[in-house]
Amino acid sequence: MTVWQLILHLFNFVLPALAMAAFMPWAGRWVLRSSRAMPVRRRMAVHAICGVAVLVGGLLVQGQDGKMATYAALVLVAASAEWAMHRGWKQT
């Protein structure tokens with residue numbers, strides 16, 4: 001494997017987490033409609049870190065990347081993190 005192929009492989013591995021990180025803050029603002037949320041860039045960074053951690057965890061637990069259970073966990077972690085960053089437990 002060349003260096004270029006390794007870079008592309010790693011980028012494609014983290015791409016679902018980065019895509020979720022880019023879109024979740026905007027979806028959370030649209031769905032939760034709260035004014036108590038953290039700034040968008042900070043939420044994107046939190047989503048990126050959590051998402052990559054979920055993908056690495058799925059790779060370590062299941063032995064290969066791209067399993068649907070890992071992607072389901074990615075969605076659940078992203079939604080839970082967005083709810084927490086909007087302080088969803090305080091909404092009425």
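Below, each value reflects all heavy atoms present in this structure, side chains not excepted, and no hydrogens, waters or symmetry copies. Each residue takes its place number in the sequence, starting with 1.
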Participant: Give the minimum heavy-atom separation between Gly51 and Leu74, together with the two atoms involved.
Facilitator: CA-CD1, 3.4 Å
Participant: For the NE2 atom of His47 and the CE atom of Met44, what is their distance to the nearest 0.5 Å?
Facilitator: 9.0 Å
Participant: Side-chain heavy atoms nearer than 4.5 Å, only ILVMFWY residues, links allowed to pass through others: does that put Val54 and Leu76 together?
Facilitator: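 Unlinked, Val54 and Leu76 end up in two clusters.
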Participant: If every non-hydrogen atom of Met24 is compared with every non-hydrogen atom of Glu82, which pair is closest and at what distance?
Facilitator: O-CD, 3.6 Å
Participant: Which value, rounded to the nearest 0.5 Å, describes the distance between Asp65 atom CG and Leu55 atom CG?
Facilitator: 8.5 Å
Participant: Return all side-chain donor-acceptor pairs below 3.5 angstrom for residues 1-22, not counting sequence neighbours, or 'none' if the list is empty.
Facilitator:
unit_1: Thr2; atom_1: OG1; unit_2: Gln5; atom_2: N; d: 3.2
unit_1: Gln5; atom_1: OE1; unit_2: Thr2; atom_2: N; d: 3.1
unit_1: Asn12; atom_1: ND2; unit_2: Leu8; atom_2: O; d: 3.2

Participant: Identify, with sequence neighbours excluded, every residue that meets ring pair (Phe, Tyr, Trp, His ring centres under 6.0 Å) alongside Trp26.
Facilitator: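 Partners of Trp26 by the ring pair (Phe, Tyr, Trp, His ring centres under 6.0 Å) criterion come out as none, since no residue qualifies.
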